[in-house]
Amino acid sequence: MFNFSTNQNQLPLKRLFLCSTIFLAALSGTAVAQVKPVAQLTKYVDPYIGTGFHGHVFLGADVPFGAVQLGPVNLSEGWDWCSGYHYSDSTITGFSHTHLSGTGIGDLGDIAIMPVTGNVKLTKGRAGDEQSGYYSLFSHNDEVAKPGYYSVKLKRYGIQAELTASKRVGFHQYTFPAGRESKIIVDLRPGIGWDLATETYLHQENATTVSGYRYSKGWAKDQRIYFTAVFSKPIKQFMVYDSTLVKQGTEIKGRFVKGVALFDTKDGEKISLKVAVSPVSIENAKLNMKAEIPGWDFAKQVSLANDAWNTELSRIVIKATDPEKMKIFYTALYHTMIAPSVFNDVNGDYLGTDKKVYKNAPFTNYTTFSLWDTYRAAHPLLTLINSEKTGDVINTMLAIYQQQGKLPVWHLMGNETNCMVGNPALPVIADAYLKGIKGFDKDLAYEAMKSTGMKDDRGLSLLKKYGFIPADSVVENVAMGLEYAIADWSLAQVAKKRGNVADYAYWSKRGQNYRNYFDKSTHFMRGRVSDDKWRTPFNPFSATHEKDDFTEGNAWQYTWLVPQDVEGLIELQGGNRPFEAKLDSLFVAEGDMGGSSSPDISGLIGQYAHGNEPSHHIAYLYGYLGKPAKTADKVRFIMDSLYTDKFDGLCGNEDVGQMSAWFVFSALGFYPVNPVNGMYVFGSPVVNEATLNVGKGKTFSLSVKNNSKINKYIQSVVLNGKAYTKAYIMHSDLVKGGKMTIVMGAQPSATWGTKETDRAYSIAK
């Protein structure tokens, strides 16, 4: 189904030096880092990884967690163009300032800029006919992509386009050829995927400045973005258009407006353009530009963006024998840092879910919360290496709760999309609460979790009434119910932490509702119609997208979605041996899912689907059985087979960092099966050394001895000088700082991690 490419070039690995702990106060033209990180880790990042197959990743210039993702948009549309760009394409219609990364649904693509020469039609055009519009062909040979920088040559015009960015400003540099009239198009009509402009506005303020806004609807129903654009050279003439009809004057409001700035240029002359964005106003966009990129030094901003990425990537400094693994690891870490994206201005202002402007917020507001995906590993990774940012992520969620009456489900640009199932904000907040993350109101967090869990929408009223969601009432009911059980269990642990006995009992009971979906006659989770009746017919292989009892999966995959109570699931399967046999079967079972299954069900190993998130914890379940070697077998195979350093190097949607977070954790040798109890279950590390910045000036160092493709089994572990036999390590141990040494071998250990007292467990003791 897809190409598992391998790296044919084995280059000698240059030595990495441990990075100094350096933090940029802000990424802006006024806040220049005085000391650069020693380790230049950006050289290992390949932004093309995941731009092919179904990875859907963003390609372009950005900085960590920035509001601006400035990159090319292809002419083609469809599922594989959710980010606007796919490696198979050779067309560019412009460079837009907002993009999603790996979502599986297309949106954004705001404020498209396209440099051209000569007379062109003011539409994107039709494939195969460049003269039908303004798009241009390009070649990958003429592209350069690295963190914070993108360049490409537009073949049609002979224009060299270069892009970089700060958090809220996109910085363009275009080198024009000789002999033809040079133009830069500002097109407010185009969006990506479902996005459709509803009202747009452009105004030339002076000889070098154009400002405006773009309102649109799409996946997010009411999007608003304001901008100001400043050119490095006075505009010879600025013309405005209502769609393709030229209008008088230099100001226009309409649905599909665009502007064309004309310039006289010499051969090789560069024209730069800075575009600052704001969710609030044009004036705030101007503030953002003044604060972040006040000058015109393009190379300096490229360097600042590179420094920002090196600082963030240096939160984990690794060594690995295989250069391919270095590239995959740091590209994965890079992908986990594209979102959540900043959604406020330098003065703290932001647009709330209720469409009110909140002034001077005391926290950094974020957007792009793909929580059904990211609660599993991407958010736990943030709590481990970037806990100070986690506090503001939680503050954002609590503000959303206050504005819309419930915690976010899948939040985008101040909009609730209600995409996917469950209450995935609850595990994220519970995890931060239980780990002692500071900087947010714990009482408000508890209130928000309880209030959200007690809503009646999205199947909750039925769940509260029956203990399950009847299959004849709501589609995707099994997935919905299993996800609610995870969220409810998470809330129960917070109640326990607070000493609230009654709440703990109530939410713990709801956390056990997963049992109501387990059919003891088939040993699968399946749709239940009533207390004594299951949905029939039943085929555990079958998957009908958005029309059956599961969400992007089947019974084989969802039967394991009980990370909050693995012991309870083992009991339902009949004990350790039947559970292990069933788990073994998952990875070899073959069956027809049918012609209407979701394309998200990818990266198949038997019926294990690594391309979709509900499977991500499953390989680590052997650690609960005292069989860590089986986990090692599976996770090594996944890392070696389903992650490569090629453009098709992801086996499914990146899903806003979750696919990559799985690799980051697994490469280090452990993974948060239960995303709330602070436990990481050991697997099989592929790094030789790692130093994690775990906050408060502390580091946790990992040294892996005798590591190789053959030596994939952990033989022994030493933690801070003492033998460590457990098949897991706790978050509380990691954040204390220290040193862990793991010795690997070619054969499974008969003793390490196998004793009952050393096995992973669900509720921290």
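Atom set for the values below is all heavy atoms of this structure, side chains included, hydrogens, waters and symmetry mates excluded.
Atom CG of Leu569 sits about 6.5 Å away from atom CH2 of Trp560, to the nearest 0.5 Å. Note that the CG atom of Asp548 and the CG atom of Asn477 stand 8.5 Å from one another [nearest 0.5 Å]. Taken from CD in Glu689 to CG in Leu702, the straight-line distance is 8.5 Å, to the nearest 0.5 Å. Tyr334 contributes atom OH, which lies 10.5 Å from atom OG1 of Thr42 (distance to the nearest 0.5 angstrom).
Remark: Asp549 does not engage Arg528 in a salt bridge, criterion side-chain N to carboxylate O under 4.0 Å. A salt bridge is absent between Lys547 and Glu476; no separation between the charged side-chain nitrogens and carboxylate oxygens falls under 4.0 Å. In this structure, Lys325 pairs ionically with Asp640, as a charged nitrogen and a carboxylate oxygen lie closer than 4.0 Å.
Taking a 6.0 Å sphere around NZ of Lys739, one finds it holds more than 12 heavy atoms contributed by other residues, nucleotides or ligands.
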Could you give me the CA-CA distance, side-chain angles and deciding distance for Val635 and Tyr620, then say whether side-chain contact (heavy atoms from CB on, under 4.5 Å) is met? CA-CA 8 Å; Val635 298; Tyr620 286 89; 3.5 Å; yes
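A tilted orientation is assigned to the rings of Trp662 and Tyr671, their planes being inclined by 30° to 60°. Using cut-offs of 30° and 60° on the angle between ring planes, the pair Tyr761 and Tyr728 is perpendicular.
In this structure, the side chains of Phe518 and Gln573 come closer than 4.5 Å at one or more pairs of heavy atoms. Two residues are said to be in side-chain contact when any heavy atoms from C-beta on lie closer than 4.5 Å; Asp645 and Ile49 meet this criterion. Considering only heavy atoms from C-beta on, Val45 comes within 4.5 Å of Pro147 through its side chain. No side-chain heavy atom of Asn674 sits less than 4.5 Å from a side-chain heavy atom of Met679.
Shown here for Pro599 and Ser602, the closest heavy-atom pair between the two residues is O-CB, 3.9 Å. Taking both residues in full, the closest heavy atoms of Val717 and Ile742 are given as CG2-CG1, 4.1 Å, listed atom of the first, atom of the second, then distance.
Side-chain atoms of Thr725 and Asp758 include a donor-acceptor pair closer than 3.5 Å.
Contacts of Lys722 classified as side chain to side chain contact (heavy atoms under 4.5 Å, CB included), with partners at least two apart in sequence or in another chain: none.
Geometrically, Lys582 engages Trp556 in a cation-pi contact, judged by NZ or CZ lying under 6.0 Å from the ring centre and within 45° of the ring axis.
Ring centers of His610 and Tyr643: under 6.0 Å apart, within the cut-off. Taking the six-membered ring for Trp and the full ring otherwise, Trp489 and Tyr484 have centroids separated by 6.0 Å or more.
Side chain of Arg315 to main chain of Ile385: a donor-acceptor pair is present (N/O by atom type, distance under 3.5 Å, no hydrogens or angles). Between the side chain of Glu567 and the backbone N or O of Ser762 there is at least one donor-acceptor pair closer than 3.5 Å.
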